[in-house]
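Below is one structure; the comments refer to it alone.
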Amino acid sequence: MPPSTGDHPALHEALAAEDHRTAAGRVLSVLDVFDQDHLELTLSEISRRADLTLSTAHRLVGELRDWGALERTAEGRYAVGLRVLELGSLEPQMLQLRDVAPAYLADLQAAVQANVHLSVRDGHDVVYVESLQRHSGAHVLSRLGGRWPLHTTATGMVLLASAPAAVRQDVLASPLKRYTDHTITDPDILRRMLAEVHRTGVAVLTETITLGTFAVGVPVRGPSERAVAALSVTLKINGSRTVHQVLPALNATARALSRALGAASTGFPAPGAPGSTVQPFAI
């Protein structure tokens, strides 16, 4: 006989939520509770955030751990496992990017002596698919497979400026999370900045996530000239290199990588220029 939930409204709500979800939906709800602000969670936290009973969460977490989708830390918390990252890397576009990008990124890092990142857009987030960091470089929180809201990173701004208007509308209408006093949280300011990024093809953000650093991002284009990824370098504010000093190497690398991915042009014409394939910016 199923347990009575009359005296336990929270349990009743959790069971009701589970009733209309498939087995696959429950598994995905467990994985969906992890994000940049919740890299490690206890079983109870997973249960609560996924709206699952503790017993169901315990069973699903155990199965996901056995398969490699979750890992258990020494403190008894859970984190996303390498198996998930391995699966994500099998996406066709990701395979091509990760196949051709490393040599270009290594040359760029040698040229600018700074941290280098290659990112793609996933919904309202930017995800790092390659990340090369120098021991003497700017201290940043980026990591391979890490994700941040689009409005907080240089690569995210590039990809958001190139995204469909509906995506920009959704981002501008949603709460813009703040990480530092310099994070862009005003929709009007963000809208103006995106228009400028779209016009110039370059995004520069200062201290939006990590104090003492700035990042410069540019698009990487595919066969249709659509921005399929974004490339950036991160530098110390008080360092010896400026935006203008790193931008030539950054642009050259982005163009070379774009050609390797099948982009027809060797440059990125400004919107409205003859032969331009870039659509007019709209919100």
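- Looking only at distances, a side-chain donor or acceptor of Arg49 sits under 3.5 Å from a matching main-chain atom of Val33.
- Under the 3.5 Å distance criterion, the side-chain polar atoms of Glu207 are matched with a main-chain donor or acceptor of Gly212.
- Within 6.0 Å of the CG atom in Asp188, the count of heavy atoms belonging to other residues, nucleotides or ligands exceeds 12.
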Going through the distances and angles, do Val120 and Thr155 end up as a side chain to side chain contact (heavy atoms under 4.5 Å, CB included)?
CA-CA 8 Å; Val120 297; Thr155 53; over 6 Å; no
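- Between Val112 and Ala249, the shortest heavy-atom contact is CG1-CB, 4.0 Å.
- Heavy-atom minimum distance, Thr234 versus Ala215: OG1-CB, 3.9 Å.
- In this structure, Leu194 and Met157 approach most closely via the heavy-atom pair CD2-O, 3.7 Å.
- The two residues Leu159 and Ala227 have their closest heavy-atom pair at CD2-O, 4.5 Å.
- Residues passing the side-chain contact (heavy atoms from CB on, under 4.5 Å) test with Leu31 are Leu64, Ala69, Leu70, sequence neighbours excluded.
- Counting only heavy atoms from C-beta outward, the side chains of Thr153 and His117 never approach each other to under 4.5 Å.
- Glu71 is not listed as a side-chain neighbour of Val80, based on a closest heavy-atom distance of 4.5 Å or more.
- Applying the salt bridge (charged side-chain N to carboxylate O under 4.0 Å, His left out) criterion to Glu63, with sequence neighbours excluded, gives Arg59.
- The side-chain heavy atoms of Asp181 and Leu211, taken from C-beta on, include no pair separated by under 4.5 Å.
- More than 12 heavy atoms of other residues, nucleotides or ligands lie within 6.0 Å of NE2 in His124, so this atom counts as buried by the packing criterion.
- Heavy-atom minimum distance, Ala229 versus Leu118: CB-CD1, 4.0 Å.
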Could you check Leu205 against Met193 for side chain to side chain contact (heavy atoms under 4.5 Å, CB included), going step by step and ending with a plain yes or no?
CA-CA 10 Å; Leu205 291 185; Met193 290 184 67; 3.7 Å; yes
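- You'll find the side chain of Phe214 reaches within 4.5 Å of the side chain of Leu235, heavy atoms only.
- Using modelled atom types, one side-chain atom of Ser47 and one backbone atom of Leu52 make a donor-acceptor pair closer than 3.5 Å.
- Atom CZ of Arg48 and atom CD of Glu45 lie 5.5 Å apart (nearest 0.5 Å).
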If you apply the rule side chain to side chain contact (heavy atoms under 4.5 Å, CB included), what do you find for Val202 with Leu247, and how did you get there?
CA-CA 9 Å; Val202 180; Leu247 192 55; 4.1 Å; yes
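- Connection of Val220 to Val100 is established within a shared hydrophobic cluster, with ILVMFWY side chains joined at heavy-atom distances below 4.5 Å, either directly or through further cluster members.
- Remark: the Thr42 side chain and the Arg77 side chain contain no N/O donor-acceptor pair separated by less than 3.5 Å.
- Remark: the backbone N or O of Arg221 is paired with a side-chain donor or acceptor of Ser258 at under 3.5 angstrom.
- Between the side chain of Thr208 and the main chain of Thr152, a donor-acceptor pair closer than 3.5 Å is present.
- Using a 4.5 Å heavy-atom cutoff, the side chains of Thr183 and Thr180 are in contact.
- Atom CG of Leu132 sits about 5.0 Å away from atom CD of Gln109, to the nearest 0.5 Å.
- Using a distance-only test at 3.5 Å, with no hydrogens or angles considered, no donor-acceptor pair links the side chain of Arg147 to the main chain of Tyr128.
- Side-chain N or O atoms of Arg178 include none that pairs as donor or acceptor with a backbone N or O of Ile184 at under 3.5 Å.
- Between the side chains of Thr213 and Thr210, not a single donor N or O lies within less than 3.5 Å of an accepting N or O.
- Here the side chains of Val233 and Asn115 are not in contact, with every heavy-atom distance at 4.5 Å or above.
- Put simply, the side chain of Leu108 reaches to within 4.5 Å of the side chain of Leu250, judged on heavy atoms.
- A pairwise comparison of heavy atoms in Tyr78 and Ile46 identifies CB-CD1, 4.0 Å as the closest pair.
- To the nearest 0.5 angstrom, Arg255 atom CZ is 12.0 Å from Leu231 atom CG.
- Between Leu172 and Arg191 there is a side-chain heavy-atom pair separated by less than 4.5 Å.
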Taking it one step at a time, do Val167 and Leu160 satisfy side chain to side chain contact (heavy atoms under 4.5 Å, CB included)?
CA-CA 8 Å; Val167 174; Leu160 183 55; 4.1 Å; yes
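- Between Trp148 and Tyr179, the ring-plane angle classifies as perpendicular under the 30° and 60° cut-offs.
- Put simply, the side chain of Ser174 gets close to the backbone of Val171: a donor and an acceptor are under 3.5 Å apart.
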